[in-house]
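Just follow the structure's listing: the first ligand is 1, and inside any ligand the first atom is 1. Just so you know, these numbers come straight off a predicted model, no measurement behind them.
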Amino acid sequence: MQASKRIENLLGGGSDGWDVFNKARAMIASGIPVTELTIGEHDIRTAAPILQEMHRSAIDGHTGYASIPGVAALRDAVAARVSTMTGVPTARENVMITPGGQSALFAAHIAACDPGDRALYLDPYYATYPGTLRGASAEPVRVETRAEDAFQPRAEDIAAHAEGAASLLINTPNNPTGVVYSKRTLEGIAQVCRDHDLWLISDEVYDSQVWEGEHLSPRALPGMAERTLVVGSMSKSHAMTGSRCGWVIGPADVIGHLINLGTHTTYGVPGFIQDAAVFALGQGPGFEAEIAEPFRRRRALAQKVLAAQNAVALVPSQGAMYLMLDVRSTGMSGEDFALALLEKHHIAVMPGESFGQAAAGHLRVAMTIEDRAFEGALRTLCAFAESLI
Ligand code: PLP
């Protein structure tokens, strides 16, 4: 039997760009130690009090089918967080709880696009984006951002692809670049969405990790609340990646449709996870700042290391747990550089090319290991780049 074309073509037929990652994992499996700066996951685990609340809830019986849109307390807590952080009045009816941000991305595209609709996304991009759009039966349309603009998208580049499209997916603070979109960038994006009647799907899972300036949700811009679906998650802000708890924020009628989608797909998020998420959100912004602190610290360390050499340039990094390094001065592609670094120094970083063509000649470094080891690995990386020039 043949599987559907939709699922066979989910990855678009090309290489998935994860060769370096797979090689590093194979080295580790064969007993060779590798310093891994690849995966976007904290080096701490979910805090014990959150797990205790999860346990309490489960023992108290919250192990049956849970409310599909999310329990009222969690929808209210998410709505309150969004209202406070963005200034846009947000109520329970605007919130759908999903199994993580990834599932929210899929659901948002199902809500915004009919089969075959053009769905725009920006390159470089979070690795799952094109497959998610294909999975939702949309036609992914890539719009390149430029290294010379520090990967801030240009409104005119988006507008050039917008005719007849249904949606635009953006991500700020950005994975893989660490760039936070400026107010000017977001105003330009909002204008294109209004002019071309696009849904804006705004992936804000890194909204608690901003090192410079502030995170602006485009949903707060004039005329945007009615056409924006915000994707959020407990994964990054609360170190709860494995709990699979995220959300879509949007107009109440669309959230109603997403509840129907949930009924026919995920059937909701386990009640004990939702109760733990309510507890975690109740810890307030101070707790989120604590979770983000190691990345803030390591970014400062990296700025110091990079300022002391000339071979590797740092893309202005204002947020998220990543740095994007420009290694074009070595004349190597990001992929060749990353493979050579892995072979010679047993340090694994992601080639920019894993996230699209716009970041060719770059590397994504995840700041997800302990400070001293992180600083040491960066020094080695810079010395290696210098040795190639
Ligand atoms: N969006 C971006 C930009 C991400 O980097 C990630 C995870 O790395 C996700 C969404 C999905 O996160 P989760 O499904 O764990 O909420």
Participant: Hey, are Gln2 and Glu8 close enough side-chain-wise for a donor-acceptor pair under 3.5 Å?
Facilitator: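 A pair is found: one side chain offers a donor N or O, the other an acceptor, under 3.5 Å apart.
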Participant: For the CG atom of Leu186 and the CZ atom of Arg219, what is their distance to the nearest 0.5 Å?
Facilitator: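 It comes to 14.5 Å.
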Participant: Going by atom types only, do Tyr126 and Tyr121 share a side-chain donor-acceptor pair under 3.5 Å?
Facilitator: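 Absent: no donor and acceptor within the cut-off.
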Participant: Out of Thr172, Leu169, Asp203, Thr128, whose heavy atom sits nearest atom 3 (C) of ligand 1?
Facilitator: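 Shortest heavy-atom distance from atom 3 (C) of ligand 1: Asp203.
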Participant: Is there a donor in the side chain of Asn94 and an acceptor in the side chain of Arg75, or the other way round, less than 3.5 Å apart?
Facilitator: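 Absent: no donor and acceptor within the cut-off.
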Participant: Among all the protein's non-hydrogen atoms, which is closest to atom 9 (C) of ligand 1, and how far away is it?
Facilitator: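 Ranked first by proximity to atom 9 (C) of ligand 1 is Tyr126 CE2, 3.5 Å.
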Participant: Number the atoms of ligand 1 from 1 as they appear, then name those within less than 4.0 Å of a heavy atom of Ser233, with their elements.
Facilitator: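 Within the 4.0 Å cut-off of Ser233, ligand 1 contributes 13 (P), 16 (O).
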Participant: Pick out which of Phe295, Tyr206, Phe151 makes a ring-ring contact (aromatic ring centres under 6.0 Å, His included) with Tyr322.
Facilitator: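 Option passing the ring-ring contact (aromatic ring centres under 6.0 Å, His included) with Tyr322: Tyr206.
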Participant: Looking at non-hydrogen atoms alone, which of Glu204, Met240, Gln102, Met234 comes nearest to atom 11 (C) of ligand 1?
Facilitator: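 Closest candidate by heavy-atom distance is Gln102.
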Participant: Can a non-hydrogen atom of Lys236 be found less than 4.0 Å from any atom of ligand 1?
Facilitator: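 Yes; Lys236 lies near enough to ligand 1 that a heavy-atom distance drops under 4.0 Å.
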Participant: What residue and atom, counting heavy atoms only, is the protein's closest point to atom 14 (O) of ligand 1, and at what distance?
Facilitator: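 Ranked first by proximity to atom 14 (O) of ligand 1 is Arg244 NH2, 2.7 Å.
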Participant: Are Tyr65 and Tyr267 close enough that their ring centers fall under 6.0 Å?
Facilitator: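 Close enough - the centres of the two rings lie under 6.0 Å apart.
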Participant: Give the atoms of ligand 1, by number and element, whose distance to some non-hydrogen atom of Ser235 is under 4.0 Å.
Facilitator: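 Near Ser235, meaning under 4.0 Å from one of its heavy atoms, ligand 1 has 13 (P), 15 (O), 16 (O).
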